[in-house]
Protein chains: 2
Amino acid sequence: MSSLTPTARVILGLVALGPRTGYDIKRITDSSTRFFWGASYGQIYPELKRLEHDGLVEARDEPRGRVRRRVYTITPAGERAVREWLLDHETAYELRDEGLLRLFFGELLQPDDVLDLVRRRRAWFERSAALFRELGEQLEAQDDDVLRYGVDLMKWNAAWFARLEQRLSQS
Amino acid sequence: MSSLTPTARVILGLVALGPRTGYDIKRITDSSTRFFWGASYGQIYPELKRLEHDGLVEARDEPRGRVRRRVYTITPAGERAVREWLLDHETAYELRDEGLLRLFFGELLQPDDVLDLVRRRRAWFERSAALFRELGEQLEAQDDDVLRYGVDLMKWNAAWFARLEQRLSQS
DNA sequence: CCTAGCATGTAATACGTTACATGATTCA
DNA sequence: TGAATCATGTAACGTATTACATGCTAGG
């Protein structure tokens with residue numbers, strides 16, 4: 001009924017995992033879901049209010065010293081909404097890769113420039129894979145499948161571009 | 001200077017490959033760049049006008065019978081802008097995968113429901129891989145690296161989820 | 001004392017989709 | 001004759017980022 005927006009789903013999900021402040025949500029999305037579903041302050045705070053207004057979360061003030069702090073907790077209605085979404089079969093998938101787009105327009109460039117582009121892409125994916133791995137170690141990641149997906153995906157990309165690099169540098 | 005918007009880049013690139021109408025651009029993005037950079041009419045037509053106003057493309061009317069038709073061609077300034085963008089090192093990469101997000105919130109579900117989700121995901125990626133392959137055959141794809149990337153990515157995803165499925169169904 | 005981090009929020013802007021309106025042509 | 005495709009366009013809406021404003025607290 002309430003038909004959650006994409007960002008509302010992330011937020012509601014995180015609150016369903018445990019009580020959270022808006023700041024918490026930003027921190028968590030930045031370090032974990034960022035790569036496949038991010039959120040910015042400009043959405044988080046207004047969205048939390050909307051969710052509260054719709055009765056899906058409850059808020060209470062829990063200041064730390066004199067720092068005001070508003071902690072959100074899931075309600076039964078909120079739990080139902082999350083569950084309903086999680087069981088829904090409709091699934092958005094979207095990839096926006098400017099590097100790929102540049103590769104698509106490769107014939108507008110000199111072969112050497114294309115090769116440079118591919119090389120940079122490979123290096124970038126290698127760095128990303130390393131970054132994900134570090135992130136996992138910091139979080140002492142239990143058996144986080146999603147994090148593993150991130151590492152695996154970046155590694156696969158690095159390998160794919162390495163193969164293309166090979167092919168291009170031979171011809 | 002003109003600082004192209006993401007969609008402007010796709011459009012300008014396509015016009016740089018050859019004269020195109022707005023309709024052409026929609027058709028092409030729908031069948032090729034769609035998966036990693038799409039565009040809708042609501043952007044294409046206004047953006048073409050903006051690009052014309054900025055002197056990056058030129059327009060002329062080439063009606064087919066009584067069907068009005070506006071064909072856009074790249075200008076030297078437009079060519080410079082495309083080239084500049086293609087050689088730029090800053091590269092946006094963004095993935096939005098609702099399935100992954102659901103997996104991330106897996107602990108809110110029963111194990112059986114997670115398994116179902118993973119199974120559906122695998123099936124979806126398998127279908128996507130097949131779709132991409134067909135697309136390539138229709139286009140009699142020469143050696144389109146980007147299309148190959150699409151097929152490979154979908155296949156890799158299907159395999160990744162198949163492995164997870166195995167792991168989950170054993171425990 | 002100063003910096004980094006905790007904490008909340010909004011206004012302006014940018015980006016993008018959906019739905020609709022309009023009309024010609026081609027082909028079954 | 002009716003459906004599909006070619007073809008252009010806009011208004012309303014939804015979604016998201018950026019940049020800014022504000023202020024407390026802990027630790028070097």
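Proteins get letters first, then strands, A, B, ... in listed order; numbering begins at 1 in each.
- Between B:R96 and D:dA16, a side-chain N or O to OP1/OP2 separation shorter than 4.0 Å is present.
- Distances shown here put a side-chain N or O of A:Y23 below 4.0 Å from the OP1 or OP2 atom of C:dC6.
- The interatomic distance linking A:I28 (CD1) with C:dC6 (P) rounds to 12 Å, in whole Å.
- Within the structure, a side-chain polar atom (N or O) of B:K49 is placed less than 4.0 Å from OP1 or OP2 of D:dT10.
- One atom, CZ of B:R50, and another, C1' of C:dA14, lie 10 Å apart when rounded to the nearest Å.
- Here the P atom of nucleotide D:dT15 and the CH2 atom of A:W37 are 11 Å apart, to the nearest Å.
- Two residues, B:Y72 and A:R66, neighbour DNA chain D, and the one matched to the more 5' nucleotide by heavy-atom proximity is B:Y72.
- Phosphate contact (OP1/OP2 of C:dC15, side-chain N/O of B:Q43, threshold under 4.0 Å): absent.
- In this structure, B:D30 atom CG and D:dC6 atom P are separated by 12 Å, rounded to whole Å.
- Residue B:D24 is tested with B:R27, B:K26, B:R20 for a salt bridge (charged side-chain N to carboxylate O under 4.0 Å, His left out); the sole match is B:R27.
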Problem - Criterion side chain to side chain contact (heavy atoms under 4.5 Å, CB included) on B:R70 and B:R60, from CA distance to verdict - result: CA-CA 6 Å; B:R70 214 167 159 69; B:R60 57 178 193 281; over 6 Å; no

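- One can place CZ of B:F36 at 15 Å from P of C:dG16, the figure rounded to the nearest angstrom.
- Here C:dT8 presents its C1' atom at 13 Å from CD1 of A:I25, a figure rounded to the nearest Å.
- As a whole-Å value, the separation of A:L48 CG from C:dT10 P is 12 Å.
- Here A:Y45 reaches the OP1 or OP2 of C:dT8: one of its side-chain N or O atoms lies under 4.0 Å away.
- At the heavy-atom level, A:G22 lies under 4.0 Å from the strands shown only through sugar-phosphate atoms.
- Side-chain nitrogen and oxygen atoms of B:R64 include at least one within less than 4.0 Å of the OP1 or OP2 phosphate oxygen of D:dA7.
- Distances shown here put a side-chain N or O of B:T21 below 4.0 Å from the OP1 or OP2 atom of D:dT8.
- More than 12 heavy atoms of other residues, nucleotides or ligands lie within 6.0 Å of CZ in B:R120, so this atom counts as buried by the packing criterion.
- Within the 4.0 Å cut-off from OP1 or OP2 of D:dG14, not a single side-chain nitrogen or oxygen of A:T5 is found.
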Problem - Criterion side chain to side chain donor-acceptor pair (under 3.5 Å) on A:T7 and A:Q43, from CA distance to verdict - result: CA-CA 8 Å; A:T7 304; A:Q43 284 174 277; 2.6 Å; yes

Exercise for the section: Please report the C-alpha distance between A:T91 and B:E98 in whole Å, then the side-chain angles of each, then the deciding distance to 0.1 Å, and finally whether the side chain to side chain donor-acceptor pair (under 3.5 Å) criterion is met. Expected result: CA-CA 6 Å; A:T91 297; B:E98 204 180 349; 5.1 Å; no

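- Here C:dG9 presents its P atom at 10 Å from CD of A:E52, a figure rounded to the nearest Å.
- Between A:A8 and B:R27, it is B:R27 whose nearest contact on DNA chain D lies nearer the 5' terminus.
- Considering only side-chain N and O atoms, B:R69 lies under 4.0 angstrom from the phosphate OP1 or OP2 of D:dA7.
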